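Bear in mind the structure is a predicted one, so any value in this text is a computation, not a measurement. Residue numbers start from 1 in every chain, and the chains themselves are labelled A, B, ... in the order their sequence lines are given, proteins ahead of strands.
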2 protein chains.
Amino acid sequence: MKLSVKVDYACRVLVQLTRMHGRAELAHIEELARLEAVPANYLVQILSELRNGGLIMSRRGKQGGYALAKRPEDVSLYDIVKLIEGDVLELGGAIEGQSGKSVARAWREVRTALEEKCREITLAQLAVRTGEEMYYI
Amino acid sequence: MKLSVKVDYACRVLVQLTRMHGRAELAHIEELARLEAVPANYLVQILSELRNGGLIMSRRGKQGGYALAKRPEDVSLYDIVKLIEGDVLELGGAIEGQSGKSVARAWREVRTALEEKCREITLAQLAVRTGEEMYYI
DNA sequence: CCCCTCGTGAAACTCTCCGTAAAAGTTGAT
DNA sequence: ATCAACTTTTACGGAGAGTTTCACGAGGGG
């Protein structure tokens with residue numbers, strides 16, 4: 001159960017966009033790719049999904065680029081994961097067998113706890129943290 | 001981010017073994033496969049992993065079969081996921097980019113919350129619940 | 001010895017993830 | 001109007017993981 005590189009990329013880029021939030025010019029793909037170490041051609045797809053999901057806006061043309069579409073404190077980890085990976089911790093197969101229901105219910109409880117935790121963490125918090133010392137828990 | 005069919009199968013079978021815990025005879029693969037709707041040939045592999053991980057024990061020969069190796073209240077969802085899927089919510093790629101550390105730290109917090117929740121739910125609880133009415137939260 | 005059961009490895013299949021590339025569309029500047 | 005820069009769209013393909021099935025080997029009991 002590992003979280004995909006894609007959602008990690010998406011989070012990093014969104015944090016970067018948060019840091020650029022007050023800026024006059026829009027952010028370019030090449031710029032974002034360099035700052036966050038994401039393959040530019042892959043980033044194209046991710047930005048497209050983020051745009052369709054309403055998290056960012058884009059402008060075409062010579063002075064085009066990307067910017068956040070919402071306030072940083074209104075975008076949580078949950079929004080990002082839900083958009084990129086779909087439902088969180090969804091059950092793969094069908095609910096079958098004598099213990100299927102019982103196990104499914106347990107996972108639903110875990111999923112709820114996970115979602116609540118993800119909703120607590122917003123882009124605003126992540127951007128502020130950047131550059132701080134890292135202490136391992 | 002969906003949890004694999006394999007870990008679902010493992011949980012169901014372990015709950016079933018919990019229900020058989022006091023029994024005289026050991027549980028057969030065919031029996032478990034039928035009761036929990038798991039492909040028998042696939043179940044062999046899963047049981048093998050559970051055995052190597054110390055959660056169950058097995059005996060070959062005419063009166064062979066499987067049984068729990070621990071007390072049901074000492075086996076949690078966390079133990080099962082950790083054994084079958086490896087680390088929970090581990091980060092796929094490397095920690096890179098300006099925001100890499102910040103995002104990684106956020107995910108570590110989420111992972112901790114998830115692990116704590118998984119540790120709370122034991123096989124004993126899951127076996128008791130079976131057959132109860134299901135209420136959606 | 002023979003049957004019954006688990007044990008192990010590998011092949012095949014599907015599917016998603018990750019990354020690349022080329023073509024098409026849009027905007028602003030000259 | 002035309003060109004150049006930039007984004008968007010679309011398609012493709014390798015790599016790897018998850019799921020399933022099969023075949024054969026190993027061990028224990030009657």
Side-chain angles (χ1 to χ4, degrees), chain A residues 1-13 17 24-34 36-54 56-67 69 81 83-87 89-94 96-97, chain B residues 1-13 17 25-34 36-67 69 81 83-87 90-94 96:
Chain A
M1 188 160 58
K2 66 181 177 220
L3 52 92
S4 70
V5 179
K6 191 177 184 178
V7 77
D8 188 41
Y9 287 167
C11 291
R12 298 220 293 255
V13 168
L17 285 174
E25 319 93 44
L26 299 178
H28 295 182
I29 283 196
E30 286 301 332
E31 187 181 10
L32 292 170
R34 182 169 38 79
E36 296 298 342
V38 177
N41 290 322
Y42 190 27
L43 183 54
V44 167
Q45 292 178 32
I46 298 173
L47 288 172
S48 179
E49 288 186 40
L50 293 176
R51 197 186 95 86
N52 292 337
I56 64 177
M57 54 80 64
S58 67
R59 233 178 90 191
R60 295 200 246 203
K62 189 152 186 180
Q63 274 135 11
Y66 295 90
V81 174
L83 182 59
I84 298 292
E85 304 220 8
D87 264 335
L89 271 191
E90 72 180 319
L91 196 47
E96 295 175 316
Chain B
M1 188 160 57
K2 66 184 179 212
L3 53 91
S4 69
V5 180
K6 190 176 183 179
V7 76
D8 188 41
Y9 286 166
C11 291
R12 298 219 294 257
V13 168
L17 284 174
E25 319 92 43
L26 299 178
H28 294 181
I29 282 195
E30 285 301 331
E31 186 181 12
L32 293 170
R34 182 170 37 79
E36 295 298 342
V38 177
N41 290 320
Y42 192 25
L43 183 54
V44 170
Q45 295 176 35
I46 298 173
L47 289 172
S48 180
E49 289 186 40
L50 293 177
R51 195 186 93 89
N52 293 336
L55 294 188
I56 63 177
M57 54 78 66
S58 67
R59 242 179 79 190
R60 295 200 250 204
K62 188 144 192 181
Q63 274 134 11
Y66 295 91
V81 174
L83 182 59
I84 298 292
E85 305 221 7
D87 263 336
E90 70 180 320
L91 196 47
E96 293 174 320

Could you state the atom-to-atom distance from [atom1] of [X] to [atom2] of [N] in whole Å?
{"X": "Glu30(A)", "N": "dC6(D)", "atom1": "CD", "atom2": "C1'", "result": "11 Å"}
{"X": "Leu32(A)", "N": "dC6(D)", "atom1": "CG", "atom2": "P", "result": "14 Å"}
{"X": "Arg60(B)", "N": "dG30(D)", "atom1": "CZ", "atom2": "C1'", "result": "18 Å"}
{"X": "Asn41(A)", "N": "dG19(C)", "atom1": "CG", "atom2": "P", "result": "11 Å"}
{"X": "Glu25(B)", "N": "dT5(C)", "atom1": "CD", "atom2": "C1'", "result": "15 Å"}
{"X": "Tyr42(B)", "N": "dA11(C)", "atom1": "OH", "atom2": "C1'", "result": "15 Å"}
{"X": "Glu49(B)", "N": "dT8(C)", "atom1": "CD", "atom2": "P", "result": "11 Å"}
{"X": "Arg59(A)", "N": "dT26(C)", "atom1": "CZ", "atom2": "P", "result": "16 Å"}

- Identified side-chain contact (heavy atoms from CB on, under 4.5 Å) counterpart of Tyr66(B) within the set Leu50(B), Leu43(B), Leu47(B): Leu47(B)

- Message: Base, sugar-phosphate or nothing for Ile29(A)? Non-hydrogen atoms, less than 4.0 Å.
- Response: sugar-phosphate

- Query: Between atom NZ of Lys2(A) and atom CG of Asp87(B), what is the distance when rounded to the nearest 0.5 Å?
  - Reply: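 One finds 11.5 Å between NZ of Lys2(A) and CG of Asp87(B).
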
- Nearest 0.5 Å, what's the CD-CZ distance between Glu25(A) and Arg59(A)?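 Reported to 0.5 Å precision, the distance equals 11.5 Å.
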
- Message: Let's test your reading of the model: under 3.5 Å, does the base of dG19(C) pair with the side chain of Gln45(A) as donor and acceptor?
- Response: yes

- Of Val7(A) and Val44(A), the one whose closest DNA chain C nucleotide lies more 5': Val7(A)

- Query: Do any side-chain nitrogens or oxygens of Ser4(B) fall under 4.0 Å of OP1 or OP2 in dA17(D)?
  - Reply: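 So the side-chain polar atoms of Ser4(B) never come under 4.0 Å of the phosphate oxygens OP1 or OP2 of dA17(D).
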
- Message: Measuring from the side chain of Tyr9(A) (C-beta onward, heavy atoms only), which nucleotide among dT21(D), dG19(C), dT19(D) has the closest atom?
- Response: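 It is dG19(C).
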
- Query: Any donor and acceptor pair, going by atom type alone, linking the side chain of Glu36(B) with main-chain N or O of Val13(B) inside 3.5 Å?
  - Reply: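 No, because the side chain of Glu36(B) does not come within donor-acceptor range (under 3.5 Å) of the backbone of Val13(B).
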
- Which heavy-atom pair separates Ile46(A) from Ala10(A) by the least distance, and what is that distance?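 Scanning both residues completely, I find the closest heavy atoms to be CG2-CB, 3.9 Å.
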
- Map Lys2(A) and Ser48(A) onto DNA chain D by nearest heavy atom, then report which one ends up closer to the 5' terminus. Ser48(A)

- Item | Nearest-nucleotide 5' precedence on DNA chain D, Lys6(B) against His28(A) |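 Checking each residue's closest nucleotide, the 5'-ward one belongs to His28(A).
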
